[in-house]
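Just so you know, these numbers use all the heavy atoms, side chains as well, and skip hydrogens, waters and symmetry mates. Order of the sequence lines fixes the chain letters, A, B, ..., with proteins taken first and strands second; residue numbering starts at 1 for each chain.
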Number of protein chains: 2
Amino acid sequence: MPAKRRARAPVFAALGDETRLSLVAKLCGRRPYSISQLTQGSKLTRQAITKHLRVLESVGIVHSVRTGRESLFEFDPQPIEGVKQYLDFVSEQWDQALSRLKSFVED
Amino acid sequence: MPAKRRARAPVFAALGDETRLSLVAKLCGRRPYSISQLTQGSKLTRQAITKHLRVLESVGIVHSVRTGRESLFEFDPQPIEGVKQYLDFVSEQWDQALSRLKSFVED
DNA sequence: CTAATATGCAACCCGGAGGTTGCTTAATAT
DNA sequence: ATATTAAGCAACCTCCGGGTTGCATATTAG
């Protein structure tokens, strides 16, 4: 279980950036976007966006396929699901702790 | 909505570290821990642990109360819940995208 | 064939994150 | 009264993250 926790930190870290969060928001809603498309509207450089995409890719939130002269990025849900499980675990532990406290006070 | 997303990046970032994840895991399960207690078993210095706790505190995942000569840290669930909402949003968008793709293919 | 477009690669900058050590101060135990 | 124990503060170090610029390369448009 702590092994799983260890594996999740990088996913959280990858989500810990505004730019990457907005990339995820775009990619989870529609099909593949090219790097240029994802750069449109951003104040950042194409290279900066590329770096962010590689970070997301490194933890499996996204994957890329090179087609012709452009590389298309697509969302991948698994890591997000994993991380949600961890958060559910935390919430559950907390609820149980509250329950224990409550029954202790009532005695 | 993008304003909310902006506010969530720091929470994800705070969770994007193994040490802090394990601190959260401890704190969400039982009541207050002092800094010394949280340092027990860790290979890190008390000061390092303190810094991590301050990071968690800065995004509201945890709060501290000074009692006597020790300061006790306690878990706070709200930021985690907020972040879960964001992840649920992402999952939902993705599911909808899949649905649209499916009905497109079926036509 | 040539120009334009989409990326990749590498060097470089800067600031902050994660960690340590050393010293000080406050509270409690003896 | 004194020794311990719990923390806070500050300086310092190293390394990586986020960004940029510049140049090279591969596709595709005309």
Does A/Val55 have any side chain to side chain contact (heavy atoms under 4.5 Å, CB included) partners at least two apart in sequence or in another chain, and if so, which? A/Ala14, A/Arg20

Out of D/dG8, C/dT20, D/dG19, minimum distance to the side chain of B/Arg54 belongs to D/dG8

Just to be sure I understand the geometry, which residues of residues 26-37 of chain B put a non-hydrogen atom under 4.0 Å away from DNA chain D? B/Ser34, B/Ile35, B/Ser36

Quick one: list whatever passes side chain to side chain contact (heavy atoms under 4.5 Å, CB included) with A/Glu81, sequence neighbours left out. A/Lys84, B/Ser91

At how many degrees, to 10°, do the end axes of the helix from C/dC1-D/dG30 to C/dT30-D/dA1 meet when each uses five pairs? 30°

B/Leu38 has an atom CG; how far is it from atom C1' of D/dA6, in whole Å? 13 Å

Show the numbers, then the answer: is there a side chain to side chain contact (heavy atoms under 4.5 Å, CB included) between A/Asp76 and A/Ile61? CA-CA 5 Å; A/Asp76 251 315; A/Ile61 294 180; 5.9 Å; no

Options C/dG19, D/dT21, D/dG18, nucleotide nearest the side-chain atoms of A/His52: D/dG18

Could you check how far CG of A/Leu44 sits from C1' of D/dT21, rounded to whole Å? 15 Å

With sequence neighbours excluded, tell me which residues meet side chain to side chain contact (heavy atoms under 4.5 Å, CB included) with B/Ser58. none

Set of residues satisfying side chain to side chain donor-acceptor pair (under 3.5 Å) with respect to A/Ser64, sequence neighbours excluded: A/Glu57

If you look only at pairs with a residue in residues 52-85 of chain A, which of them pass as a ring pair (Phe, Tyr, Trp, His ring centres under 6.0 Å), with sequence neighbours excluded? A/Phe75-B/Trp94

When rounded to whole Å, the CD1 to C1' distance for the pair A/Ile49 and C/dG8 reads 16 Å

Spacing of A/Lys43 atom NZ relative to D/dT20 atom C1', expressed in whole Å: 17 Å

Under 4.0 angstrom, heavy atoms only, what part of the nucleic acid is A/Ser71 near: base, sugar-phosphate, or nothing? sugar-phosphate

Short side-chain N/O contact from A/Arg20 to OP1 or OP2 of D/dG17, under 4.0 Å: no

Quick one: does any side-chain atom of B/Tyr86 pair with a main-chain N or O of A/Leu21 as donor and acceptor, under 3.5 Å? yes

Is the shortest side-chain heavy-atom distance between B/Leu23 and B/Val62 below 4.5 Å? no

Show every donor-acceptor pair shorter than 3.5 Å between a side-chain atom in residues 26-39 of chain B and any protein atom, with sequence neighbours excluded, or say none if there are none.
residue, atom, partner, partner atom, Å
B/Arg31, NH1, B/Glu74, OE2, 2.7
B/Ser34, OG, B/Gln37, N, 3.2
B/Gln37, OE1, B/Ser34, N, 2.8
B/Thr39, OG1, B/Ile35, O, 2.8

Presence of B/Thr45 side-chain N/O under 4.0 Å of C/dT20 phosphate oxygens OP1/OP2: yes

In whole angstrom, what separates B/Asp17's CG from C/dG16's C1'? 14 Å

Ignoring hydrogens and angles, are the base of D/dG17 and the side chain of A/Lys51 linked by a donor-acceptor pair under 3.5 Å? no

Separation of A/Phe89 CZ from A/Gln85 CD (nearest 0.5 Å): 12.0 Å

Pairs touching residues 32-53 of chain A that satisfy salt bridge (charged side-chain N to carboxylate O under 4.0 Å, His left out), sequence neighbours left out: none

Run the side chain to side chain contact (heavy atoms under 4.5 Å, CB included) test against A/Thr45 and tell me which residues pass, sequence neighbours left out. A/Gln47, A/Ala48

Along nucleotides 22-30 of chain C, 5' to 3', which nucleotides get a B, which get an S, and which get a -, given that the test is a protein heavy-atom distance under 4.0 Å? B----BS--

Could you state the atom-to-atom distance from CZ of B/Phe12 to C1' of D/dG17 in whole Å? 19 Å

